[in-house]
A.B. asks: 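Before I ask anything, let me first share the structure, which is written out below as structure tokens.
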Amino acid sequence: MTEVTGPAPAVHAVGLGKSYRRGQWALRNCGFAVPAGRVCGVVGPNGAGKSTLFGLMAHLFASSEGELRVFGEPAGTPALRARIGSVTQSRPLYPSFTVEETLRLGRELNPGWDEACAQRVIELGGLSPRARVGSLSGGQRSRVALALAMAKRPELLLLDEPMADLDPLARHDLMGLLLSDAAERGTTVMISSHLLAELDGAIDHVLLVQSGRVRLAGDLDEILDGHRLVTGLADAPRPPGDAVEWRVTGRQVTGLLRTDSPVPDAWEPSRPQLEQLLLGYLRNPDAPVPSAPSACEAAA
Ligand SMILES: Nc1ncnc2c1ncn2[C@@H]1O[C@H](COP(=O)(O)OP(=O)(O)OP(=O)(O)O)[C@@H](O)[C@H]1O
């Protein structure tokens, strides 16, 4: 269980689980807390349970067990609806509406609507306001979905692979806009992506979901500081610390260790990059994980 003191976290899960079919758990016994104002990257392989977690946070469906609180309130209360903006993987939009009509709907449904923000996101992509949503490309529809979610001015922005079908320049521009906007307003952002390099430098909190478990959760700097990437010769005695993985390349060995202690002189230590850390854990689903808040049972 995660003990949390001080102001309520933006998202707090305790023993959270979701089963779509009896006996099959998409998520099980997940515990984590994301403080308000953070940009949290949600990463993990296909089928890990990320979208399920986003669905629970947005209360698209209810959990099967455990507790999920958003800003201290149980997920799904009517009051939370106005405080959460969400882009789901399916990007549900009305295909017969034009871009302009879609934004008008957003404006009418959301009291805190920020028209300038919506227009900025749309114009950055050069979209015609009169284009029908059904005639847009996947990336253009993603942009409309993102404009709706951002212009709502939510306190928590849930973005499930929002940039997946955008071209590299559009991704770069929109990520910049999203991050500067979130920093200015103190918005909590939860964003999933398979592009780990894209998250590097953008997130300050991380949630690694694998096989329905949360394997790593916490402040990104603290997690990186708690690991060492070490390089040495294959026959050198291995340094102490829990090894996430060892990889041999010729006579050289590289290890990812869970330790913040100095390593013996025979080993060249460095702080891992985000991608190196996450790939290490993803390649080694049975590697030891840091104890406590994030620990959860394997999905059945
Ligand atoms: N509506 C559903 N009905 C039944 N099973 C589902 C449903 N949605 C997801 N699942 C199952 O739950 C598990 C987690 O799926 P989820 O979509 O949450 O993974 P994900 O991490 O978002 O994957 P991806 O990276 O491919 O988007 C998978 O085994 C999936 O088959």
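Atoms within each ligand, like the ligands themselves, are counted from 1 in listed order.
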A.B. asks: For atom 19 (O) of ligand 1, which of G44, P45, G49 has the closest heavy atom?
C.D. replies: G49

A.B. asks: Would you confirm whether R153, through its side chain, and G112, through its main-chain N or O, come within 3.5 Å as a donor-acceptor pair?
C.D. replies: no

A.B. asks: Can you confirm whether something in the protein, heavy atoms only, sits under 4.0 Å from atom 31 (O) of ligand 1?
C.D. replies: no

A.B. asks: Identify the closest protein heavy atom to atom 9 (C) of ligand 1: which residue and atom is it, and at what distance?
C.D. replies: Y20 CE1, 3.4 Å

A.B. asks: Could you tell me the residue and atom name of the protein heavy atom closest to atom 16 (P) of ligand 1, and the distance to it rounded to 0.1 Å?
C.D. replies: T52 OG1, 3.7 Å

A.B. asks: Does either side chain, that of E268 or that of T231, offer a donor lying less than 3.5 Å from an acceptor on the other one?
C.D. replies: no

A.B. asks: Side chains of W25 and K18, heavy atoms from C-beta outward: is any pair under 4.5 Å?
C.D. replies: no

A.B. asks: As an exercise, identify every atom of ligand 1 less than 4.0 angstrom from a heavy atom of A26.
C.D. replies: 12 (O), 13 (C)

A.B. asks: Mark the output for E161 as yes if a heavy-atom distance to ligand 1 is under 4.0 Å, and as no if none is.
C.D. replies: yes

A.B. asks: Check ligand 1 against H194 and write out every atom of the ligand that is under 4.0 Å from a heavy-atom position of the residue.
C.D. replies: 25 (O)

A.B. asks: Which atoms of ligand 1 are found less than 4.0 Å from any heavy atom of Q89?
C.D. replies: 27 (O)

A.B. asks: So, S192 and D160: side-chain donor and acceptor under 3.5 Å apart, yes or no?
C.D. replies: yes

A.B. asks: Return yes when atom NE2 of H194 has more than 12 non-hydrogen atoms of other residues, nucleotides or ligands closer than 6.0 Å, and no otherwise.
C.D. replies: yes

A.B. asks: Just to confirm my output: which protein heavy-atom neighbour is closest to atom 26 (O) of ligand 1, and how far is it?
C.D. replies: N46 ND2, 2.9 Å

A.B. asks: Which option, S51, G47, S19, S211, owns the non-hydrogen atom nearest atom 29 (O) of ligand 1?
C.D. replies: G47

A.B. asks: So which of K50, Q24, R21 gets nearest to atom 25 (O) of ligand 1, if we judge by its closest heavy atom?
C.D. replies: K50

A.B. asks: List ligand 1 atoms under 4.0 Å from A48, heavy atoms only on the residue side.
C.D. replies: 19 (O), 20 (P), 21 (O)

A.B. asks: If the threshold is 4.0 Å, N to carboxylate O, is there a salt bridge linking R28 and E65?
C.D. replies: yes

A.B. asks: Side chain to side chain contact (heavy atoms under 4.5 Å, CB included) with V144: which of V121, L127, V87?
C.D. replies: L127

A.B. asks: Determine the sole option in V133, T102, L105 for which the side chain to side chain contact (heavy atoms under 4.5 Å, CB included) test with Y94 is passed.
C.D. replies: L105

